[in-house]
Amino acid sequence: MIKVITYGTFDMLHYGHKRLLERAKALGDYLIVGVTAEDFDRLRGKINVRQTLMDRIENVRATGLADEIIVEEYEGQKIDDILRYDIDIFTVGSDWVGKFDYLNKYCKVVYLERTEGVSSTEIRTEESLTRLGIVGDVPHLRKFIKESTYVNGAELSGACLSDSKKNNEKIENIELENISFESLLERSDAVFIASHPSKHYEQVKKALESGKHVLCEAPIALKRSECEELFELSDKNGVILLEGLKTAFSTAYSRLLLLVRSGRIGKVISVDATCTSLGNYKEMKKEQLSRLWNTMCAWGPTGLLPVFQLLGTNYTDVDIVTKTHPENDTFDLFSKISITYPNSVATVKVGKGVKSESELIISGTEGYVYVPSPWWKTDYFEIRYENPQLNHRYFYQLDGEGIRYEIAAFLKAIRIGKPITYISRDVSLSIASMEDLFYSGKTHHLE
Ligand code: C2G
């Protein structure tokens, strides 16, 4: 009996896939199809896959061509499978010519002619592109624009740049027409807002009122009541409002939350997060500083994210201590936020004018999580116990600091018409509450 194996994602299974499976089957007597797991696809840069693993397996099964279906979960698995299943022929489409020659050591390798004119990517993009407008200051937009090129399903419709007077601006090699906010809304289905936080509320409101979906760089608003109003407005108009906090979308961070929530360190007693990035603001005057993001806006939301996501938002007490710039009392160089819950505590230390070790530590009754600096864009963390032999290290590939997953999640929310769960509303509202408290002046000041 000749055993054949082939692999693929088989997203939105089409004629090209079917023809490949038919010819693969015809190469022998028994066909095994390896369908890629979601994590494996992410790892190899395929972030636009639409269907779940189970749906993709079901579609392969429905062709009636596979005698056996397996899941491809890790790099190098093909060698394992060929030996384990005693495979005679490995086959794959001609888009992979040469790439799998190393398997010749284990079995015969056959590249089958790829079917022209059909692909999952084309099917996905035909569905209708989301026209995405970009709003804000160029330095804040660079990474977002670059990362948007990795995500299918959106086309940039233009920009409204607060720091440029030019009609056209080339950012990250992408030419964008720089137009007014109103014109941009007219030609977009959705907008990404990364303007100065003092403008967020007005701009988000305008966009939602025009029936546009919004991804807004955190914080969404500087007052809790404003943030509440914006979410209500998004519900009323049936559009998505999502807080842009890249960390929430990164794989390592989201897996860390799952591990902690499933009790791996016992009960969580303390969350301590530090985020700093030292800049030179010494010579700056009040006016200049008011155009920059202060520490509480630039870092506050990121530092608060794991606190609210792990300990919840029913805190009993908050205290903020800040060190402000001598020229501008709303530009904090450093802030320390202490939050008390009935059964736990948290501290968030953030600074643009103070440097510290930017780590995240989650302390539990049985162990703790240690995420090294800079924890908000980590691909690595450890779970540590009293007995170091039980310690565990975790690695997850991080592409584009999480921004590309954030964009993919935003587009998915638009497509399915439902907010997604990465950052829940109560977390966004509580972040706004902290900004509210900071700006209310009810904080302690260091001299
Ligand atoms: N294919 C084809 N014609 C098309 C599209 C795809 O013959 N028009 C083939 C591919 O060459 C591949 C199979 O169908 O052999 C599955 O394609 P994908 O789902 O795109 O999977 P791919 O990323 O090619 O995965 O480990 C994964 C495998 O190496 C291949």
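Side chains are part of it too, since the values below use all heavy atoms of this structure and drop only hydrogens, waters and symmetry mates. Worth saying up front: this structure is predicted, and the values here are computed from it rather than measured.
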Inset, instruction - For His17 and His14, indicate whether the former's side chain and the latter's backbone hold a donor-acceptor pair under 3.5 Å. - result: yes
Legend entry - Between Thr274 and Ser358, a side-chain donor and acceptor under 3.5 Å: no
Legend entry - Under 3.5 Å: donor-acceptor pair, side chain of Ser344, backbone of Tyr341: no
Legend entry - Within 6.0 angstrom of Lys99 NZ, more than 12 heavy atoms from elsewhere: no
Inset, instruction - Ignoring hydrogens and angles, state whether a donor on the side chain of Asp189 or Thr130 is under 3.5 Å from an acceptor on the partner side chain. - result: no
Legend entry - Enclosure of Lys108 NZ (heavy-atom neighbours >12, cutoff 6.0 Å): no
Inset, instruction - Return the set of residues passing side chain to side chain contact (heavy atoms under 4.5 Å, CB included) with Glu175 (not counting sequence neighbours), or none when no residue passes. - result: Asn168, Lys170
Legend entry - Donor-acceptor pair, side chain of Asp332 and main chain of Thr295, under 3.5 angstrom: yes
Inset, instruction - Assign the ring pair His200 / Trp293 to parallel, tilted or perpendicular, where the plane angle (0 to 90°) is split at 30° and 60°. - result: perpendicular
Legend entry - Pair listing, salt bridge (Lys or Arg N to Asp or Glu O under 4.0 Å) test, anchored in residues 86-95, at least two apart: Asp95-Arg114
Legend entry - Any side-chain heavy-atom pair of Tyr394 and Ile383 under 4.5 Å: yes
Inset, instruction - Apply the test side-chain contact (heavy atoms from CB on, under 4.5 Å) to residues Lys3 and Tyr30: give CA-CA distance (whole Å), side-chain angles for both, the deciding distance (0.1 Å), then the verdict. - result: CA-CA 5 Å; Lys3 287 179 98 177; Tyr30 190 85; 3.7 Å; yes
Legend entry - Nearest heavy-atom neighbours spanning Val151 and Ala408: CG1-CA, 3.9 Å
Inset, instruction - Using the salt bridge (Lys or Arg N to Asp or Glu O under 4.0 Å) rule, collect all pairs that involve residues 5-25, keeping only residues at least two apart or in two chains. - result: Asp11-Arg124, Lys25-Asp67
Legend entry - Exercise: do Arg224 and Ser433 side chains pair donor with acceptor under 3.5 Å: yes
Legend entry - Between CG on residue Leu103 and CG on residue Asp101, distance to nearest 0.5 Å: 8.5 Å
Inset, instruction - Please indicate whether Arg393 has more than 12 foreign heavy atoms, meaning atoms of other residues, nucleotides or ligands, lying under 6.0 Å from its CZ. - result: no
Legend entry - Verdict with reasoning, Tyr150 to Asn48, per side-chain contact (heavy atoms from CB on, under 4.5 Å): CA-CA 9 Å; Tyr150 292 93; Asn48 297 303; over 6 Å; no
Legend entry - Test item: side-chain donor near acceptor, Thr251 and Arg42, under 3.5 Å: yes
Legend entry - Over all atoms of both residues, closest heavy-atom pair of Ile265 and Gly367: CB-O, 3.3 Å
Legend entry - Side-chain donor-acceptor pair present, Ser428, Glu243, cut-off under 3.5 Å: yes
Legend entry - Met54, CE atom: more than 12 neighbouring heavy atoms under 6.0 Å: no
Inset, instruction - Hey, can you tell me if Phe410 and His213 have their rings parallel, tilted or perpendicular (30° and 60° cut-offs)? - result: perpendicular
Legend entry - Test item: Gln51 side-chain N/O and Met12 main-chain N/O as donor-acceptor pair under 3.5 Å: yes
Legend entry - Candidates Val214, Val204, Leu241 - the one meeting side chain to side chain contact (heavy atoms under 4.5 Å, CB included) with Ser234: Leu241
Legend entry - Nearest-0.5 Å distance, CZ of residue Arg425 to OG1 of residue Thr313: 14.0 Å
Inset, instruction - Please round to the nearest 0.5 Å and tell me the distance separating atom CD1 of Ile2 and atom CG of Leu27. - result: 9.0 Å
Inset, instruction - To the nearest 0.5 angstrom, please state how far the NZ atom of Lys212 sits from the CD1 atom of Ile240. - result: 14.5 Å
Legend entry - Where at least one partner belongs to residues 407-416, residue pairs that pass salt bridge (Lys or Arg N to Asp or Glu O under 4.0 Å), sequence neighbours excluded: none
Inset, instruction - Just grab all the salt bridge (Lys or Arg N to Asp or Glu O under 4.0 Å) pairs involving residues 373-384, residues at least two apart or on different chains. - result: Lys377-Glu401, Glu382-Arg384
Inset, instruction - Can you measure from OG (Ser356) to CG (Leu278) and round to the nearest 0.5 angstrom? - result: 11.0 Å
Inset, instruction - Please list, chain by chain and in numerical order, all residues satisfying ring-ring contact (aromatic ring centres under 6.0 Å, His included) with Phe100, sequence neighbours excluded. - result: Phe90, Trp96
Inset, instruction - State whether the side chain of Thr52 and the backbone N or O of Asp55 hold a donor-acceptor pair below 3.5 Å, judged by distance alone. - result: yes
Inset, instruction - Keeping the roles fixed (side chain from Tyr111, backbone from Gly98), state whether a donor-acceptor pair exists under 3.5 Å. - result: yes
Legend entry - Rounded distance (nearest 0.5 Å) linking atom OG of Ser148 with atom CD1 of Ile174: 5.0 Å
Legend entry - Candidate pair Ile362 and Leu310, rule side-chain contact (heavy atoms from CB on, under 4.5 Å), full reasoning: CA-CA 9 Å; Ile362 304 161; Leu310 286 169; 3.6 Å; yes
Inset, instruction - Specify the closest pair of heavy atoms between Ala221 and Ala432, including all atoms of both residues, with the distance to one decimal. - result: O-CB, 3.7 Å
Inset, instruction - Identify whether NZ of Lys or CZ of Arg in Arg404 sits under 6.0 Å from the centre of the six-membered ring of Phe249 and within 45° of that ring's axis. - result: no
Legend entry - Under 3.5 Å: donor-acceptor pair, side chain of Glu38, backbone of Val49: no
Inset, instruction - Would you please say whether a donor-acceptor pair under 3.5 Å links the side chains of Thr365 and Lys267? - result: no
Legend entry - Heavy-atom pair of closest approach, residues Ala248 and Ile423: CB-CG1, 3.5 Å
Legend entry - Qualifying residue, where the test is side-chain hydrogen bond (donor to acceptor under 3.5 Å, both in side chains) with Thr276 and the options are Lys349, Lys355, Glu357: Lys355
Inset, instruction - Report yes if some heavy atom in the side chain of Leu222 is under 4.5 Å from a heavy atom in the side chain of Tyr201; otherwise report no. - result: no
Inset, instruction - Answer yes if the side chains of Thr9 and Arg44 hold a donor-acceptor pair under 3.5 Å, and no otherwise. - result: yes
Legend entry - N/O donor-acceptor pair under 3.5 Å between Glu147 side chain and Lys143 backbone: no
Legend entry - N/O donor-acceptor pair under 3.5 Å between Ser183 side chain and Ile179 backbone: no
Inset, instruction - Report yes or no: is the cationic atom of Lys78 (NZ for Lys, CZ for Arg) closer than 6.0 Å to the six-membered ring centre of Tyr7, at no more than 45° off its axis? - result: yes
Legend entry - Atom of Asp399, atom of Tyr405 and distance for their closest heavy-atom approach: N-OH, 3.4 Å
Inset, instruction - Classify the side-chain pair Ser195/Gln203 by whether it contains a donor and acceptor separated by less than 3.5 Å. - result: yes
Inset, instruction - State plainly whether the residues Lys199 and Asp137 are in salt-bridge range, i.e. N to O under 4.0 Å. - result: no
Legend entry - Taking every non-hydrogen atom, the tightest pair across Val60 and Ala66: CG1-CB, 4.2 Å
Inset, instruction - Verify, without hydrogens or angle tests, whether Ser188 (side chain) and Leu185 (backbone) share a donor-acceptor contact under 3.5 angstrom. - result: no
Inset, instruction - State, without any angle test, whether Asp80 and Tyr74 hold a side-chain donor-acceptor pair at a distance under 3.5 Å. - result: yes
Legend entry - Test: Lys223 and Glu228 ion pair at under 4.0 Å: no
Inset, instruction - Could you verify whether a donor N or O on one side chain and an acceptor N or O on the other, from Ser164 and Glu169, lie under 3.5 Å apart? - result: yes
Legend entry - Modelled atom types, side-chain donor and acceptor of Lys352 and Ser277, under 3.5 Å: no
